[in-house]
Amino acid sequence: MTITTMETRGTVVFPENFVWGAATASYQIEGATKADGRGPSIWDTFSATPGKVREGDTGEVACDHYHRYRDDVALMKDLGLNAYRFSVAWPRIQPTGSGAANQAGLAFYDRLVDTLLEAGITPYVTLYHWDLPQALEDLGGWTSRDTSYRFADYAAIMYDRLGDRVSHWTTLNEPWVSAFLGYGNGVHAPGRTSAHDALRAAHHLLLGHGLAARALRSAGAEEIMLVVNSAPVLTPAQVNDPAAAVSEADAAAAHRAHALLTRQFLDPALLGRYPVEVLRAAERNGGTAHVLDGDLEIINAPIDLVGINYYNPCVVEDGPGLPADAAWPGSEGVRFATVEAPVTAMGWPIVPSGLSRLLVRLSQDYPQVGLMVTENGAAFDDVVEDGRVHDDARLAYLEGHLRAAHEAIEAGADLRGYLVWSLLDNFEWAEGYGRRFGVVHVDYTTQARTLKDSAFWYRDVINRNGL
Ligand code: FCB
């Protein structure tokens with residue numbers, strides 16, 4: 001692969017106060033799914049359902065972070081992280097998704113936050129990284145409008161408990177994935193498969209975001225962020241040649257895919273309106289009756305940052321006559337193409353230049369917010385040899401993407417920080433434990449943690465504030 005526009009070597013220095021950190025999510029690392037009054041989440045149910053997760057893996061034990069968080073924070077300190085992005089398991093706080101808070105659940109996040117602060121690490125709290133209380137799913141989950149209001153109640157409980165020590169709040173992680181993999185193609189919990197449900201879920205997630213953002217703000221939250229999985233939408237030719245000519249039909253396909261993936265969430269949240277492509281998709285799939293007057297105003301609550309989780313570009317071309325993909329209602333006539341590029345163990349193409357394109361575009365389209373890379377990283381088949389993990393491919397992936405991030409800053413993107421996905425190897429959703437994304441290796445038999453070469457390298461990057 002040739003990365004024509006990228007700096008590929010040489011020193012780069014990031015801006016002063018650039019935030020360096022790592023990210024995880026509750027269900028992927030905590031384990032202890034029945035401890036201290038935690039209720040079941042949709043991921044407990046889903047992973048216990050035969051055939052849903054590779055090898056039948058579940059989050060029951062995961063990295064046992066619930067019991068080992070002190071050691072894990074010590075690792076973070078050793079790496080020199082400035083920031084740690086983690087999520088709160090809603091069913092630890094409200095075991096059935098509503099009503100009084102479970103004090104034992106709150107106490108865990110209290111201890112975690114205190115331990116981070118003692119280590120000089122800034123907590124970035126995500127309120128929802130996919131582990132919806134099962135009791136709420138039983139009432140309709142995100143297809144039910146009531147869930148949005150329950151989410152705002154829960155956000156207020158969390159702010160009330162941690163707001164004296166936590167300034168950085170994220171409402172949702174990747175609502176596109178929650179809605180369209182959870183309710184559209186059913187690859188994620190709760191495993192429903194209806195375009196109408198998926199579009200309703202997307203709207204109620206956004207409504208929940210807006211209500212929670214308002215609740216957080218009125219309680220005094222300093223910084224509020226929405227995290228999306230975004231990607232530049234490219235034609236196959238553009239992957240290796242950003243300047244490649246694009247036909248009108250391919251450009252129309254790319255425009256639509258961008259509306260469905262990114263603008264579906266960022267336009268309502270930041271501009272107070274839905275893209276017409278999304279409204280059309282809803283009209284073709286059961287209608288827009290779930291979008292009530294005043295909703296967009298709520299969703300458009302002021303926020304400070306958009307978090308970008310970037311792994312690979314979205315590559316499409318015109319596909320006359322093709323039906324919509326189950327995860328992409330509204331994508332009729334769009335062909336999702338394969339890419340000429342090396343891939344990770346997930347099969348995801350490695351295209352670092354996609355990150356700079358994306359950051360520059362989002363900065364231009366939404367100048368009212370700052371940006372942060374809240375996830376970026378790669379799974380490879382790591383092996384521990386004599387106590388070391390020589391994960392050169394991950395290191396190269398991270399370096400390429402950091403150079404791309406730096407290039408975006410040079411081109412004017414307002415990028416405030418970078419959080420690697422992930423601190424630890426963990427439960428990779430439908431892929432189970434077979435996909436290792438950590439800069440720290442986890443032996444799931446012994447729970448031993450081993451710093452991979454990428455972790456030592458990342459420590460130097462943080463230390464130098466650059467490459
Ligand atoms: C993102 C998720 C995160 C992790 C990475 C690989 O979509 O937010 O939990 O699974 O992908």
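Numbering of ligands and ligand atoms starts at 1, following listing order.
Figure legend: Arg263 and Tyr274 shown without cation-pi pairing, the cationic atom not lying both under 6.0 angstrom from the six-membered ring centre and within 45 degrees of its axis.
Between Ile308 and the choices Thr262, Val227, Asn229, Leu362, the side chain to side chain contact (heavy atoms under 4.5 Å, CB included) rule is met once, by Leu362.
Protein residues with any heavy atom under 4.0 Å from ligand 1: Gln28, His129, Trp130, Asn173, Glu174, Asn309, Tyr311, Glu375, Trp421, Glu428, Trp429, Phe437.
Although no hydrogens or angles enter the test, the distance criterion places no donor-acceptor pair under 3.5 Å between the side chain of Asn285 and the main chain of Ala195. Distance alone, capped at 3.5 Å, places no donor-acceptor pair between the Tyr444 side chain and the Cys63 backbone.
Side chains of Asn376 and Tyr311: no donor on one and acceptor on the other come within 3.5 Å.
Residues satisfying the side-chain contact (heavy atoms from CB on, under 4.5 Å) criterion with Arg68, sequence neighbours excluded, are Asp64, Asp72, Gln447, Arg449.
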